[in-house]
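Please read all numbers here as calculations on a predicted model, not as lab measurements.
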Amino acid sequence: MTARTDQTRTGPARTIISVDAMGGDQGPAAVVAGIAHSAQKNREIGFIVHGPGDELKRLVAKRKGLESRCEVRHAPDVVTMDDKPSSVVRHGRETSMWSALESVRNGEATVCVSCGNTGALMLMSVLRLRKLPGIYRPAIAVMWPSQNPQEHNIMLDGGADIRADAKDLMQYALMGASYARNGFGLERPRIGLLNVGTEEHKGRAELREAYDLIAANARTADFEFVGFVEGRDLPGTVCDVIVTDGFTGNVALKTGEGTAKLVGDLLREAFAYSPLSRLASVLAYTSLRRMKKRVDPRRANGGVFLGLNGTVVKSHGSADATGVSSAIKLAFELAQSHFTERLAARVASAALLDQGGSAENTPDEEAQ
C-alpha cells in the first residue's frame, strides 16, 4: 500500500495523515487546533480531515496557513461513544471514522488518527484495512510513563480483544518489539510477559506456553526476553515492552489513569492545606511542573493498532489540542519509519520460522 504524498511548489513531498475530526469529547475545534499546532511545528505533514464539511472548513479557515495544508472530506455522520461497534459497521458508511479509514485504505494517506469510539474504530479498521497475513488478533499498543531512558514503556494489548492464547501473546511480543524499534529507536528491546509472579511455574497454562514460544523466538526476532514480569514493572526499568491480554491490559491502563489523577488531586489538596504548605508549593513549582510534564497523558497520547494492513493511531477520547498534536506526531514518526511494512516483514519472517523454513531470504532484510 503506497500512500499519496502532497508535493507543493516550493517544498518537499509531505506525509499525509488522515484525521477523524469527530467523536472526541471536546469536539472538532480541539482536533483542528491540534492539527494547526502540528502543522506549525512540522512542515512535512499534510492532512485529510473528515467530518461535516461546512463546520470543518470554517474551523480550518480560522487557523492561519492551515487551509493550504488540509483537504476537508465531507462526512455528515458521527460515531458516538455510545454506539455499538457492530451497528456502526453496518450503518456507518457516512461517518467521519469510516471516511478517515478509507483514505488509508485507498492509499491517499499513510496513517489514520481518531479520538472516537475504540471498539468501533478497531472493528472498522479490521474490516476496511484487514489484518496483516499471519496475524491472529490485532492489538492496541499504549505508552506507559517509566524510568527507562526513553521515558515510556509499551504495553499491549490495551483492550483490542479480551482474549489471547499463547500464539497471540507471542505475536504481541513480535509486534511490540517492532514498535519499540521504530517508535523509540530501541535496537534490541526487552520484552516481559505480565503475570502474577516472576517464577516460571506461576500463572495460567497459556501464559506458561506463551513463555516458551516467546523465548524460542527471541534470538531470531532479535529481542531480549526477560521472562515474567509483575504489575509493578509497568513503569519500571526491567523491560521496555510488556505483553498481556486485552482484558488485563485495559484494567491496568484504567487503574494507572485513575491512580495518576488521585495522586494529582492529593498533591493539590496537600499544598492548599495551610499558608505554609501554599508557600512550599511555590518553592516546589518548577519541580512539580517538570514532574507533571513527565507523566502528562496528553504527551503520551496515542494507542497504536498493531497487526493491520495500515497504521491507525487511537487518540484518547478526552484529548485536547495538545493531546491531538501528540497523536499526530506519533503517526508521523511511524509513517516516516515505514512501520507497517517493517512489521509485515517481521511477522512473515516469524511465520516462516514456525513452519521450519529460513528467514535469511525474507522480502525485507532490514525489517525491524
Side-chain angles (χ1 to χ4, degrees), residues 132 134-135 138-158 164 166-195 198 200 207-244 249 300 302-307 311 329-330 333-354 357-368:
L132 287 172
I135 290 293
I140 301 176
V142 297
M143 290 185 283
W144 197 290
S146 79
Q147 295 176 304
N148 274 320
Q150 68 271 20
E151 297 188 352
H152 289 91
N153 291 338
I154 299 166
M155 183 188 73
L156 71 163
D157 177 24
K167 288 187 176 181
D168 296 327
L169 294 170
M170 185 272 289
Q171 285 196 339
Y172 292 172
L174 294 174
M175 294 191 291
S178 186
Y179 181 28
R181 289 190 185 93
N182 291 283
F184 291 84
L186 302 176
E187 292 185 7
R188 197 166 187 267
R190 298 166 298 162
I191 311 294
L193 182 60
L194 190 62
N195 199 354
T198 58
E200 291 187 25
L207 284 176
R208 296 195 297 273
E209 184 182 352
Y211 184 104
D212 294 335
L213 287 174
I214 296 172
N217 277 274
R219 184 181 65 81
T220 53
D222 197 24
F223 62 78
E224 178 184 350
F225 181 49
V226 302
F228 288 133
V229 296
E230 299 178 290
R232 73 184 73 180
D233 298 314
L234 285 167
T237 59
V238 173
C239 58
D240 308 298
V241 179
I242 299 96
V243 172
T244 188
V304 182
F305 290 2
L306 303 181
T311 306
K329 179 182 178 183
L330 174 60
E333 290 172 347
L334 292 175
Q336 289 289 291
S337 70
H338 302 287
F339 172 66
T340 298
E341 293 87 347
R342 291 178 182 273
L343 177 57
R346 178 63 62 189
V347 172
S349 175
L352 188 62
L353 287 169
D354 288 342
S358 171
E360 294 180 358
N361 296 315
T362 52
D364 185 357
E365 291 289 344
E366 298 179 355
Q368 297 190 41

Q.
To the closest 0.5 Å, what do you measure between CD (Glu341) and CG (Leu132)?
A. 9.5 Å

Q. What closest approach, in Å, do Arg181 and Phe223 show between heavy atoms, and which atom pair accounts for it?
A. NH2-N, 3.9 Å

Q.
Show every salt bridge (Lys or Arg N to Asp or Glu O under 4.0 Å) that has at least one partner inside residues 140-150, sequence neighbours left out.
A. none

(Q) Tell me every residue that passes salt bridge (charged side-chain N to carboxylate O under 4.0 Å, His left out) with Asp212, counting only those two or more places apart in sequence or in another chain. (A) none

Q) To the nearest 0.5 Å, how far apart are CG in Leu186 and CG in Asn148? A) 8.0 Å

Q) Just how far is it from atom CE of Met143 to atom CD1 of Ile154, taken to the nearest 0.5 Å? A) 8.0 Å

Q. So, Gln171 side chain and Ala139 main chain: donor-acceptor pair closer than 3.5 Å or not?
A. no

Q.
How close do Leu174 and Ala221 get, counting heavy atoms only, and between which atoms?
A. CD2-CB, 3.6 Å

(Q) Looking at Val229, is its backbone amide N or carbonyl O close enough to the side chain of Asn195 to form a donor-acceptor pair, meaning the two atoms are under 3.5 Å apart? (A) no

Let me check something: any side-chain donor-acceptor pairs from residues 232-244 under 3.5 Å, sequence neighbours excluded? List them with distances.
residue: Asp233; atom: OD2; partner: Glu230; partner atom: N; Å: 2.9
residue: Asp240; atom: OD1; partner: Gln150; partner atom: NE2; Å: 3.0
residue: Asp240; atom: OD1; partner: Arg190; partner atom: NH2; Å: 3.0
residue: Asp240; atom: OD2; partner: Arg190; partner atom: N; Å: 2.9
residue: Asp240; atom: OD2; partner: Arg190; partner atom: NE; Å: 3.1

(Q) Nearest 0.5 Å, please: how far is CD1 in Ile140 from OH in Tyr172? (A) 9.5 Å

Q. Could you state the interatomic distance from CE (Met175) to CE (Met170), rounded to the nearest 0.5 Å?
A. 10.0 Å

Q: With the side chain counted from C-beta on, respond yes when Glu333 and Lys329 share a heavy-atom pair under 4.5 Å apart, and no when they do not.
A: yes

Q: Sequence neighbours left out, what passes side-chain contact (heavy atoms from CB on, under 4.5 Å) with Ala210? Give chain and number order.
A: Ala166, Leu169, Leu193

Q) What are the two closest heavy atoms between Asp168 and Ala164, and how far apart are they? A) OD2-CA, 3.4 Å

Q: Would you please test Leu156 and Tyr179 for side chain to side chain contact (heavy atoms under 4.5 Å, CB included) and show each step?
A: CA-CA 11 Å; Leu156 71 163; Tyr179 181 28; over 6 Å; no

Q: State which residues pass side-chain hydrogen bond (donor to acceptor under 3.5 Å, both in side chains) with Arg208; sequence neighbours excluded, sorted by chain then number.
A: none

Q: Quick one: pull up CZ in Phe339 and CG in Leu306 and give me the separation to the nearest 0.5 Å.
A: 4.5 Å

Q | For Tyr211, all residues meeting ring-ring contact (aromatic ring centres under 6.0 Å, His included), sequence neighbours excluded | A | Phe225, Phe228

